[in-house]
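Counting convention: from 1, in listed order, for ligands and their atoms alike. Computed from heavy atoms alone, side chains included, the values below leave out hydrogens, waters and symmetry copies.
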Amino acid sequence: MPSYRSPFRTMLLVLLLAVPGAAVAEAGGPFVSPIDSLTDAEIADGQSHFRVHCARCHGMLGQGGEGPSLTRADLRHAPDDETLFAVIDEGIRGTGMPGTFGPNDETLWQIAGYVRSLGRLPQEAMPGDPQAGQAIYEGKGGCPACHIARGEGRGVGPELSNVGNRRNLEYLRRALTNPDADHPMLSDWQKGNINAFLTLRVVSETGEYEGLRINEDEFSVQMRDLAGAIHSFDKRTLLDLERAFGHSLMPGYETVLSAGEIDDLASYLMSLKGTAP
Ligand code: HEC
Ligand code: HEC
């Protein structure tokens with residue numbers, strides 16, 4: 001949270017106090033997000049504005065396009081509602097995300113409320129026992145060899161501490177039984193979906209590396225190898241850079257675990273709702 005002295009926060013307070021109908025945060029009191037008190041009708045208005053002003057880049061359903069998918073609980077540039085408001089109002093400097101088209105604050109909050117609603121996964125019932133799932137995770141599943149969750153573990157895989165916020169049950173089951181299914185294909189890459197997890201094989205003058213890409217731009221690429229060590233390469237000096245489309249480094253567990261164990265494990269993952277580092 002920004003401190004009370006932050007100029008942005010002060011500005012926002014002034015804005016809020018000046019807007020009739022917006023939630024009023026008393027000076028010195030806790031910030032109350034106007035999003036919390038939006039009605040369904042106001043969120044629907046936010047959706048209409050979104051379709052007109054945002055959908056051409058973020059997709060009609062916020063699923064992404066030229067701009068990133070917004071159907072996620074954790075938005076990198078908008079960890080809380082105040083920063084979300086600022087991103088929509090001012091854009092993100094130095095990126096393709098433009099600033100406001102001049103609506104009033106009420107409209108901006110409605111759009112922000114709609115964006116937040118996209119990231120809220122519907123509450124799903126757990127299919128199994130999360131505690132039994134945790135035992136499998138730490139025991140015969142061997143998951144901490146490749147993932148960090150709640151500060152434990154290491155390795156090549158993505159952090160799972162907040163996976164319950166990011167992924168639904170269907171996705172989690174698929175991740176466990178058929179990890180290749182959601183690994184990007186060459187066609188995704190060609191469509192510009194370059195933010196997804198991607199397995200890389202790199203040959204440099206110092207050796208050969210296999211791992212998961214964590215970042216890439218025109219000149220450099222960063223990856224986490226199987227042991228969890230992070231490497232950064234200057235692309236121009238590489239002898240070879242292979243993108244293993246459709247191939248995850250994660251083994252499938254369909255034959256290793258019973259259907260009941262997969263349900264327990266998926267339930268444990270659903271319960272992981274911490275914040276991403
Ligand atoms: C011209 C294309 C374009 C339009 C129009 C646009 N955006 Fe974006 N938006 C982007 C791009 C590109 C990014 C990614 C910026 C980056 O991180 O490099 C982005 C980022 C964002 C983010 C941050 C996502 C994150 O993960 O932190 C939010 C939130 C967002 N846009 C909301 C909106 C809303 C709401 C509207 C309509 C009022 C809108 N955008 C209109 C292109 C656009
Ligand atoms: C050999 C390393 C390895 C092991 C062991 C492993 N994973 Fe993974 N896991 C990965 C990698 C790499 C990915 C990234 C997905 C990809 O490659 O497409 C991943 C992805 C995932 C995802 C999807 C995350 C997301 O945000 O999309 C989940 C959930 C997951 N693993 C859970 C598990 C669980 C539970 C276990 C133990 C039963 C496990 N993994 C064991 C390497 C591993």
Side-chain angles (χ1 to χ4, degrees), residues 46-47 49-59 62 64-72 74-79 83-89 91-101 103 107-108 110-116 118-119 133-134 136-147 149 153-167 171-184 195-200 210-213 223-224 226-228 244-253 256-257 261-262 264-266 268-270 272 276:
Q47 176 175 27
H49 292 296
F50 184 92
R51 293 203 161 150
V52 175
H53 301 287
C54 322
R56 71 186 164 98
C57 293
H58 290 285
E66 186 185 322
S69 159
L70 300 175
T71 56
R72 292 173 291 131
D74 291 295
L75 298 174
R76 193 159 55 94
H77 294 284
T83 46
L84 178 60
F85 181 96
V87 160
I88 298 173
D89 189 23
I92 305 170
R93 197 173 301 188
T95 77
M97 170 66 193
T100 183
F101 48 94
T107 304
L108 285 173
Q110 289 170 357
I111 298 172
Y114 173 65
V115 170
R116 276 290 180 244
L118 289 173
Q134 180 168 8
I136 299 166
Y137 183 95
E138 287 161 5
K140 79 193 242 197
C143 318
C146 285
H147 291 281
R154 60 202 285 263
V156 65
E159 163 100 28
L160 297 179
S161 301
N162 66 341
V163 75
N165 279 335
R166 292 189 286 110
R167 304 299 194 186
Y171 182 99
L172 292 171
R173 273 218 185 94
R174 202 165 53 233
L176 297 170
T177 54
N178 183 10
D180 288 347
D182 289 288
H183 203 78
N195 292 320
F197 300 125
L198 189 56
T199 303
L200 296 181
E210 187 174 37
L212 195 66
R213 185 189 58 185
M223 68 182 267
R224 203 158 49 216
L226 296 173
F245 293 109
H247 169 70
S248 175
L249 292 166
M250 174 159 159
Y253 285 84
V256 183
L257 301 173
E261 287 174 320
I262 296 279
D264 291 344
L265 203 45
Y268 173 59
L269 295 171
M270 288 167 86
L272 294 176

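Residues Ala149 and Leu272 share a closest heavy-atom pair of CB-CD1, 4.2 Å. Contact record, Asp182 with Arg174: OD2-NE, 2.7 Å, taken as the closest heavy-atom pair. When every heavy atom of Gly252 is checked against every heavy atom of Pro179, the shortest pair comes out as CA-CD, 3.6 Å. When all heavy atoms of Met97 and Ile88 are compared, the pair lying nearest together is CE-CA, 4.3 Å. Taking all atoms of both residues into account, the shortest heavy-atom contact from Leu70 to Leu118 is O-CB, 3.7 Å. Here the shortest heavy-atom pairing between Asp89 and Leu108 reads OD1-CD1, 3.6 Å.
Among Val115, Ile88, Val87, the residue whose heavy atom lies nearest to atom 22 (C) of ligand 1 is Val87.
Of the polar atoms of Arg56, none of the N or O atoms is found under 3.5 Å from an N or O of ligand 1, judged by distance alone. Residue-to-ligand polar distances place Arg72 within reach of ligand 1: an N/O pair is separated by less than 3.5 Å. Where the criterion is an N or O separation shorter than 3.5 Å, residue side chain and backbone included, His53 fails it with respect to ligand 1. Between Arg167 and ligand 2, at least one N/O pair is under 3.5 Å apart. Distances between N or O atoms of Glu66 and those of ligand 1 include no value under 3.5 Å.
Given atom 28 (C) of ligand 2, the protein heavy atom at minimum distance is Leu160 CD2, 3.9 Å. The nearest heavy-atom contact from the protein to atom 38 (C) of ligand 2 is Cys143 SG, 2.6 Å. Ranking protein heavy atoms by distance to atom 41 (C) of ligand 2, first place goes to Tyr253 OH, 3.3 Å. Counting protein heavy atoms only, atom 36 (C) of ligand 1 is closest to Cys54 SG, 2.8 Å. Taking atom 27 (O) of ligand 2 as the reference point, the nearest protein heavy-atom neighbour is Tyr171 OH, 2.7 Å. Nearest protein neighbour of atom 25 (C) of ligand 1, counting heavy atoms only, is Arg76 N, 3.6 Å. The shortest contact between atom 42 (C) of ligand 2 and any protein heavy atom is with Met250 CB, 3.5 Å. Nearest protein neighbour of atom 29 (C) of ligand 1, counting heavy atoms only, is Leu84 CD1, 3.5 Å. Cys146 SG, 2.7 Å is the protein heavy atom nearest to atom 1 (C) of ligand 2. Counting protein heavy atoms only, atom 17 (O) of ligand 2 is closest to Ser248 OG, 2.8 Å. Protein heavy atom in closest approach to atom 13 (C) of ligand 2: Pro158 CD, 3.3 Å.
When atom types are taken as modelled, the side chain of Thr177 and the backbone of Arg173 share a donor-acceptor pair closer than 3.5 angstrom. Asp180 places a side-chain N or O within 3.5 Å of a backbone atom of Ser248 that can act as its donor or acceptor partner. With hydrogens and angles ignored, the 3.5 Å screen pairs no side-chain donor or acceptor of Arg224 with any backbone N or O of Arg213. Although no hydrogens or angles enter the test, the distance criterion places a donor-acceptor pair under 3.5 Å between the side chain of Tyr253 and the main chain of Gly141.
Residue Leu70 touches ligand 1 through its side chain alone, judged by heavy-atom distances below 4.0 Å. Contact annotation: for Leu226 versus ligand 2, there are no heavy atoms closer than 4.0 Å. The side chain of Leu265, and not its backbone, has at least one atom closer than 4.0 Å to an atom of ligand 2 (non-hydrogen atoms only; side chain from C-beta on). Of the heavy atoms in Pro68, only side-chain atoms (C-beta onward) come closer than 4.0 Å to ligand 1. Residue Leu172 touches ligand 2 through its side chain alone, judged by heavy-atom distances below 4.0 Å.
Remark: Lys140 engages Glu261 in a salt bridge, criterion side-chain N to carboxylate O under 4.0 Å.
Proximity of Gly155 to ligand 2 is not established, as no heavy-atom distance is less than 4.0 Å. Contact analysis leaves Asp182 out of contact with ligand 2, as no non-hydrogen atom separation drops below 4.0 angstrom. Heavy-atom separations between His49 and ligand 1 are all 4.0 Å or longer.
Taking 4.5 Å as the limit, some side-chain heavy atom of Leu269 sits within range of a side-chain heavy atom of Leu176. By the 4.5 Å heavy-atom criterion applied to side chains, Leu198 and Leu212 are not counted as neighbours. Between Phe50 and His58, some side-chain heavy-atom pair lies under the 4.5 Å cut-off. Using a 4.5 Å cut-off on side-chain heavy atoms (C-beta onward), Val115 and Leu75 make contact.
Within ligand 2, counting atoms from 1 as listed, the ones closer than 4.0 Å to a heavy atom of His183 are 16 (C), 17 (O), 18 (O). Residue-ligand proximity, Leu176 to ligand 2, at heavy-atom distances under 4.0 Å covers atoms 34 (C), 35 (C). Less than 4.0 angstrom separates some heavy atom of Ile111 from each of these atoms of ligand 1: 35 (C). If you number the atoms of ligand 2 from 1 as listed, the ones under 4.0 Å from a heavy atom of Leu249 come out as 1 (C), 12 (C), 17 (O).
Rounded to 10°, the angle that SD of Met97 and NE2 of His58 form at atom 8 (Fe) of ligand 1 is 180°.
Within the model, atoms NE2 of His147 and CD of Glu159 stand 10.5 Å from one another, a figure rounded to the nearest 0.5 Å. In this structure, CG on Asn178 lies 10.0 Å from CE on Met250, to the nearest 0.5 angstrom.
Cys57 lies apart from atom 8 (Fe) of ligand 1 in this respect, since none of its N, O or S atoms is found at a distance under 2.8 Å.
Using modelled atom types and a 3.5 Å distance limit, the side chains of Thr199 and His183 yield a donor-acceptor pair.
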